[in-house]
Each structure stands twice: as structure tokens, then as C-alpha cells.
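First the structure, in the form of C-alpha cells, and then the observations on it.
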Amino acid sequence: MLSGIGSWLPPRIVTNDELAQRHDTSDHWIRTRTGIVARHIVSPGMPTSHLAEQAGARALQSAGTRDIDAVLLATTTPDRLCPASAPKVAHALGLGGRPAFDLDAVCSGFLYALSTAASIIVSEAADRVLVIAAEAFSTLINPSDRSSAVVFGDGAGAVVLRAGTPDEPGAIGRSVLGSDGSLADLITVLAGGSEQPHATSPDGHDDNRYFSMRGRAVFHHAVNRMSEATRASLAHTGWAAEDVDRIVAHQANLRLLHSVAEQLNIAPERLVVHLDRVGNTAAASIPLALEHANRSGALVPGHRVVLTAFGGGATWGATTLIWPSLTCA
Ligand code: UT7
């Protein structure tokens, strides 16, 4: 059961015009190809755990409780390769001692974490779980890669899940999750792991420490996988496409969101769109969009909602819920 929601964005806003001063691009190209108008970017030295802590604190406030049994952090940009960032975030939130772990499914991370948290609750290992998705994605962007620089932004969203019954508003439906490792090269940060531990090659070349994406191919797979996962999720829940009041898809690109809605025969007015303000915030994009929609009234209690995402790995997923009444923190 979804019982609390919160989000946090770093204060610095970078507009398309500002990016056009640094890259060979334009506000027109970015708006028409992506739908993005601005994004928030961390200041130097602000780690992902800071964003996660801020969003987590707001979700706890929204839930009206600090009685939490476990903390999950979905992120592609942990503070360090080792250790995981979740224990640090749990400690900062006064939740030390509880199990806390990171989960990386890139842009599908929130849905993977939501499903994991729901399963932990169903197994009765926990009554309440704090699920945070946080990204300082700008720290991965190659300063010479204009196509990634214009797309990605930083931010964090968080929810509290609590034990409940499947027919209550806020109950998370059966999650449809998937992966295809044969597509691992579509979205990469090649260096810094065990395969290529050194970020800089002997000739001084360091591009491998940056994020790289084959945008067109990712676009194609993302539309197909998000549409398929959504169809499967709706079938599990017994909803037809016309029953869906809101579709909250990973905020990768406005054209992509419209293609998914079209494939599913869901009216584009039912799409929740948040990327214009924040860009693609990877794992954080769905909870950021949910929090904003809850606050703005685009999501109201009783709405039948489907969530779907696609990300590096490749990974994807979808799930449904009836939107509950949630306090804005
Ligand atoms: O988060 C995980 C899921 N991610 C996604 O689903 C991402 C999906 N993909 C996308 O959103 C898009 O592929 C991008 C926004 C990343 C790129 O847009 P695109 O329309 O696929 O562009 P492209 O990479 O195919 O490039 C088309 C043209 C190229 O020029 P030529 O070769 O046709 O002359 C690029 O050099 O656009 C050019 N281009 C740009 N021009 C101005 C690429 N980036 C830019 C830019 N400004 N920022």
C-alpha cells in the first residue's frame, strides 16, 4: 500500500538556452526532439545520498510515521562504488539499524525497487518500507556529448509502502518485470567496474568513465517493451486500456511517451508529463512525476494508474494501482 510520497530537486536549474551556450544545440531542437525545457543539476560535491535523504524525509512526513522496517535505494549513481549508499541514507534519516540496500536497474530502478519492497511486505519480513529513487545523473555526462547533456537531469523521489489488503487504494498490483542482457551495450558506463577498473586508458583517454547511449535504438526498444509490459500488467489487473485514467511512464522523451500511449490506445491526455521541468532523471523519474502529479491535482484518489519503465540492462517493468489519498509533504 502506498502511504506516503516525497521528492526533492537540487536548486540549480539549467535551461535549454544555457545548454545552447555550451553545446552545438538549440532550445528549439531540445523542445521538439525531447519535450524538455529545463532540468535540475546538482552543485559540485552534492552526492546522490543527499538527494535521497531529502526525498526520503518528505516521504516519511507524508506518511506521518517514522516506523520503517527497511530502506531501498534505486540508483545508477551511488555515492561510491563501495559501499552501497542506502545504509548512509538510512542513518541520516534516523533509520539506522534497519536493513538498507541499493538496487540498480537504471531507469527501471524505481519499479524494480517497488516490486521488491511489496514482496518483502507480502513475505511479512517488514510492515513498512521506504523506497527511494535518487540520481545525480549529471555526474556521468560527458561534457562533449550534447545528446546526453540535453536529456538528463538530477533529482529524487520516494514512497512509503505499508502492509494492507489487495483491494485497498494504493495497493501495488502484480509487477511485470523483465530484462535482456543482450542489449547491455545500448546504455553504458564502461569504466569503473571490474571489467575496466581504470577510468583512464594508458593513452590518457577517459571517455569510458562517462555515460553513453545509443538513443535511436533505445527509443525503439523502450516503446516496444513499455507497451508490452503495460499490456501484461493491465491483463493481470483485469483492466482494459480505456479503464486507465493515468499512465505514468519513465520520463525519457515526450515523443516516446506519445508513442507508448498510441501503441496502447490510451488517449495522450492521460499521460502524466513531468519531463518538461526535470528532463530524464533515470530511476527517479516515476516517483518525481507521481509526486508532482499528486501535488498539482493531475492524479486524484480513485484514479486507475499504470506505471511503466525501460532502462539500461536492458530492463523494463510495469505495474498498476488505484491512486490513494496522500498528503503532500
Ligand atoms: O532513460 C532510458 C531510456 N532512454 C530513452 O528511452 C532515450 C530514447 N532516445 C531519445 O530520447 C533520443 O534518441 C535522443 C533525444 C537521445 C536523441 O534524439 P534523436 O532524435 O534520436 O537524435 P539522433 O541521436 O538520432 O540524432 C539525430 C540528429 C543527428 O544529426 P544528423 O546526423 O542527422 O545530422 C545528431 O547529430 O540530431 C543531432 N543531434 C543534435 N542536434 C542538436 C543529436 N543531439 C543533438 C542536440 N542538438 N542536442
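Throughout, numbering of the chain's residues begins at 1 and tracks the sequence. Both ligands and their constituent atoms are indexed starting at 1 by order of listing. Basis for what follows: all heavy atoms, side chains included, without hydrogens, waters or symmetry-related copies.
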Flag: protein heavy atom within less than 4.0 Å of atom 24 (O) of ligand 1:
no
What part of Leu256 sits under 4.0 Å from ligand 1 if we count only heavy atoms: the side chain, the backbone, both or neither?
side chain
Heavy-atom proximity to atom 27 (C) of ligand 1 ranks first, among Arg33, His28, Met213, Arg216, for Arg216
Counting from 1 in the order shown, the ligand 1 atoms closer than 4.0 Å to a non-hydrogen atom of Asn280 are 1 (O)
What I want to know is whether Arg146 and ligand 1 share at least one N or O pair that is separated by under 3.5 angstrom.
yes
What I want to check is whether the side chains of Thr34 and Asn253 have a donor and an acceptor closer together than 3.5 Å.
no
Going by the angle between their ring planes, with limits at 30° and 60°, are Phe152 and Phe137 parallel, tilted or perpendicular?
parallel
Thr34-ligand 1 polar pair, N/O distance under 3.5 Å:
no
Within the side chain of Arg98, is there an N or O that forms a donor-acceptor pair under 3.5 Å with the backbone of Pro87?
no
What do you reckon, does His23 put a non-hydrogen atom under 4.0 Å from ligand 1?
no
Could you verify whether a donor N or O on one side chain and an acceptor N or O on the other, from Ser259 and Glu262, lie under 3.5 Å apart?
no
Is there side-chain contact between Leu161 and Met1, with heavy atoms separated by less than 4.5 Å?
no
Do me a favour and list the nearest non-hydrogen protein atom to atom 19 (P) of ligand 1 with residue, atom name and distance?
Arg255 NH2, 4.1 Å
Closer than 4.0 Å: a protein non-hydrogen atom to atom 30 (O) of ligand 1:
no
Can you check whether a protein heavy atom sits less than 4.0 angstrom from atom 33 (O) of ligand 1?
no
Residue, atom and distance of the protein heavy atom nearest atom 2 (C) of ligand 1 read Cys107 SG, 3.3 Å
Could you go step by step and tell me if Glu135 and Asp154 meet the side-chain contact (heavy atoms from CB on, under 4.5 Å) rule?
CA-CA 5 Å; Glu135 301 279 17; Asp154 303 330; 5.5 Å; no
Nearest neighbour of atom 44 (N) of ligand 1 from the list Ser147, Gly35, Ser285, on a heavy-atom basis:
Ser147
Looking at Ser285, Ser115, Pro287, which one forms a side-chain contact (heavy atoms from CB on, under 4.5 Å) with Phe110?
Pro287
State, without any angle test, whether Asp180 and Ser182 hold a side-chain donor-acceptor pair at a distance under 3.5 Å.
yes
In the protein, which heavy atom is nearest to atom 47 (N) of ligand 1, and how far is it?
Thr25 OG1, 2.6 Å
What is the closest protein heavy atom to atom 10 (C) of ligand 1, and at what distance does it sit?
Asn253 ND2, 3.5 Å
Which atoms of ligand 1 have any heavy atom of Val150 under 4.0 Å away?
48 (N)
Keeping Asn224 on the side-chain end and His221 on the backbone end, is there a donor-acceptor pair under 3.5 Å?
no
Nearest to atom 18 (O) of ligand 1 by heavy atom, Trp29, Phe152, Phe310, Phe219: which?
Trp29
Tell me which protein heavy atom sits closest to atom 3 (C) of ligand 1, plus the residue, atom name and distance to 0.1 Å.
Val218 CG1, 3.7 Å
Shortest reach to atom 13 (O) of ligand 1 by a heavy atom, considering only Ala20, Ala314, Gly215:
Gly215
If only side-chain N and O atoms count, and only distance matters, is there a donor-acceptor pair under 3.5 Å linking Thr48 with Asp79?
no
So, His40 side chain and Leu9 main chain: donor-acceptor pair closer than 3.5 Å or not?
no
